[in-house]
Number of protein chains: 2
Amino acid sequence: MIREQLLQPTAVELAAFLTRHTRTCDCLIQVAGQAEVTYQGRAASTADAGNYLLILKCDGSLQIHHPKGIKPMNWQPKTDRITATLEDGMCVLTASRTSPTETVRVLMLDIQLAQALEIQEEVGFVIAGTEAQMQATLARHPELIEPGLTVLDRELMSSVGDIDLYAKDAQGRYVVVELKRAKATHDAVHQLSRYVDAVRAKLPKRAKVRGILAAPSITTPAALTLEGLKLEFKEIHALPSAQETAAQGGLF
Amino acid sequence: MIREQLLQPTAVELAAFLTRHTRTCDCLIQVAGQAEVTYQGRAASTADAGNYLLILKCDGSLQIHHPKGIKPMNWQPKTDRITATLEDGMCVLTASRTSPTETVRVLMLDIQLAQALEIQEEVGFVIAGTEAQMQATLARHPELIEPGLTVLDRELMSSVGDIDLYAKDAQGRYVVVELKRAKATHDAVHQLSRYVDAVRAKLPKRAKVRGILAAPSITTPAALTLEGLKLEFKEIHALPSAQETAAQGGLF
DNA sequence: TGTTATATGTCGGGG
DNA sequence: CCCCGACGTATAACA
């Protein structure tokens with residue numbers, strides 16, 4: 001699994017290593033050591049010389065990690081062109097892409113480690129509790145939102161965006177449902193509000209349109225705004241707990 | 001910089017290595033090899049046995065990378081508790097946190113490499129082109145938005161959210177400015193719209209209130225909605241290009 | 001701690 | 001390619 005490992009490579013060795021592997025592009029490459037990083041594109045940044053960990057994946061994505069946090073200090077998603085060159089006797093890695101136009105430049109000052117790992121195969125990964133699954137479940141079992149509800153459409157395109165669920169209630173009123181897999185905020189309320197407005201505008205004037213925000217919970221300010229707009233909230237969880245599943249007769 | 005490195009460690013060696021380093025917590029730890037990963041928390045996921053790269057940072061954050069993309073396949077930001085244990089003769093890494101309650105569990109099947117790197121010091125990092133900087137620049141030079149504009153407030157709190165810039169134009173009309181560092185979408189238009197409404201509601205009825213969306217560009221549908229709402233768009237870039245800076249007399 | 005807003009967000013889907 | 005919205009978004013600021 002370790003294809004190649006260099007300890008304290010010289011600039012020339014490192015450049016050769018990087019060029020070789022970025023060409024074949026069949027390994028995950030890592031470089032650790034002192035470097036200086038600049039970025040120019042959607043924004044512009046510079047990082048002082050320090051110890052960083054670089055990761056260069058097969059798909060051409062680059063990330064440079066500092067000691068804290070999930071997010072890399074600098075990065076570049078799926079780069080068009082990655083080149084390793086020698087400048088003034090030092091190895092420089094440049095990762096550029098167009099659309100948007102941006103470049104990350106890494107000046108390798110004192111590299112301790114460079115390695116190529118065989119991490120290629122994509123492997124099965126499944127996730128439960130996404131909004132898409134919530135939507136599928138509710139489309140099959142709209143009674144979880146409210147008895148008597150009939151789903152007319154999913155992902156209905158309106159002029160202002162896609163409506164998660166479009167339905168009719170027991171009394172024939174149209175219902176716009178906005179789903180959130182996590183706690184609903186102000187944002188979700190306004191999203192729902194503008195969908196409801198769009199639907200009302202399209203329907204005959206006397207048609208009644210309800211708006212329901214379905215989420216596991218809602219922030220207090222958002223709940224107040226929701227109330228003010230005469231919209232409704234319905235508690236729905238993305239991941240049913242064991243007891244909920246039992247109570248619902250195993251609908252999920 | 002390489003504090004310690006193990007090649008093809010046994011489960012016992014690996015568990016000891018992880019326990020030792022997670023306790024001292026002064027290194028960035030990497031583990032590469034075949035593993036199985038499950039997550040349970042805000043959602044639930046499982047990843048089949050495959051080759052992955054684990055990174056465990058000093059701050060207790062964990063990320064597990066697959067061969068593609070910037071984002072890790074699984075992760076855990078700033079974990080409360082990380083433990084390495086032996087289960088049925090295999091090393092298992094568990095990273096849990098509360099708030100939200102979630103756990104990542106890594107079953108180490110066939111580990112090729114474990115290493116501890118000294119990447120500790122935080123180092124200088126500066127970035128240009130953030131929205132905050134945009135706001136500061138425009139607050140000092142409101143004429144970049146429009147001649148005769150006077151800024152009354154920054155980050156003004158309204159009932160529906162914070163208004164980026166609140167100003168008065170040459171004719172004494174109030175102006176609500178919404179900033180976006182990147183292309184403005186529908187969302188920004190509606191945000192601006194509801195800010196303008198909130199301001200209008202607070203002012204005497206005959207007071208004129210304008211709304212300006214300041215961004216480097218805007219999507220076509222958003223521009224149409226904006227026009228329909230009688231709101232305005234002003235092209236403002238987060239990162240002034242060299243020529244723009246010259247044209248503006250070096251205001252930035 | 002809860003809520004809000006930003007991000008070089010990233011990523012995937014649909015027209 | 002543009003547009004849109006979800007994401008286990010992460011992360012910092014602020015009440």
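On a predicted model such as this, the values are computed, not experimentally measured, just so you know. In what follows, chains are A, B, ... by sequence order, proteins preceding strands, each numbered from 1.
A salt bridge links B:Asp187 with A:Arg194: the distance from a Lys NZ or Arg NE/NH1/NH2 to an Asp or Glu carboxylate oxygen falls below 4.0 Å. In summary, B:Lys234 and B:Glu178 do not engage in a salt bridge, as defined by a charged side-chain N under 4.0 Å from a carboxylate O.
For B:Trp75, counting side-chain heavy atoms from C-beta on, the closest listed nucleotide (D:dC3, D:dG8, C:dT6) is D:dG8. For A:Tyr39, whose side chain is taken as the heavy atoms from C-beta onward, the closest listed nucleotide among C:dT8, D:dC4, D:dA6 is C:dT8. Ranking C:dT4, C:dT8, D:dG8 by closeness to the A:Ser45 side chain, first place goes to C:dT8. Nearest nucleotide to the side chain of A:Thr130, out of C:dT3, D:dC7, D:dT9: D:dC7.
At the phosphate of C:dT4, OP1 or OP2 sits under 4.0 Å from a side-chain N or O atom of A:Thr219. In terms of phosphate contacts, A:Lys180 brings a side-chain nitrogen or oxygen within less than 4.0 Å of OP1 or OP2 of D:dA6. Phosphate proximity of D:dG5 to A:Arg181: absent, as no side-chain N or O sits under 4.0 Å from OP1 or OP2. Within the structure, a side-chain polar atom (N or O) of A:Tyr195 is placed less than 4.0 Å from OP1 or OP2 of D:dG5. OP1 or OP2 of D:dA10 sits under 4.0 Å from a side-chain N or O of B:Arg42. For the pair A:Gln191 and D:dA6, the criterion of a side-chain N or O lying under 4.0 Å from OP1 or OP2 is met. The shortest distance between the side-chain N/O atoms of B:His186 and the OP1/OP2 oxygens of D:dC4 is below 4.0 Å.
For the pair B:Gln133 and B:Arg181, the minimum side-chain heavy-atom distance is 4.5 Å or more.
Judged by distance alone, with hydrogens and angles left aside, B:Gln76 brings a side-chain donor or acceptor within reach of the base of D:dG8, the pair sitting under 3.5 Å. Below the 3.5 angstrom threshold, one finds no donor paired with an acceptor across the side chain of A:Asp187 and the base of C:dT4.
Note on A:Gln63: nothing from the nucleic acid sits closer than 4.0 angstrom, heavy atoms only.
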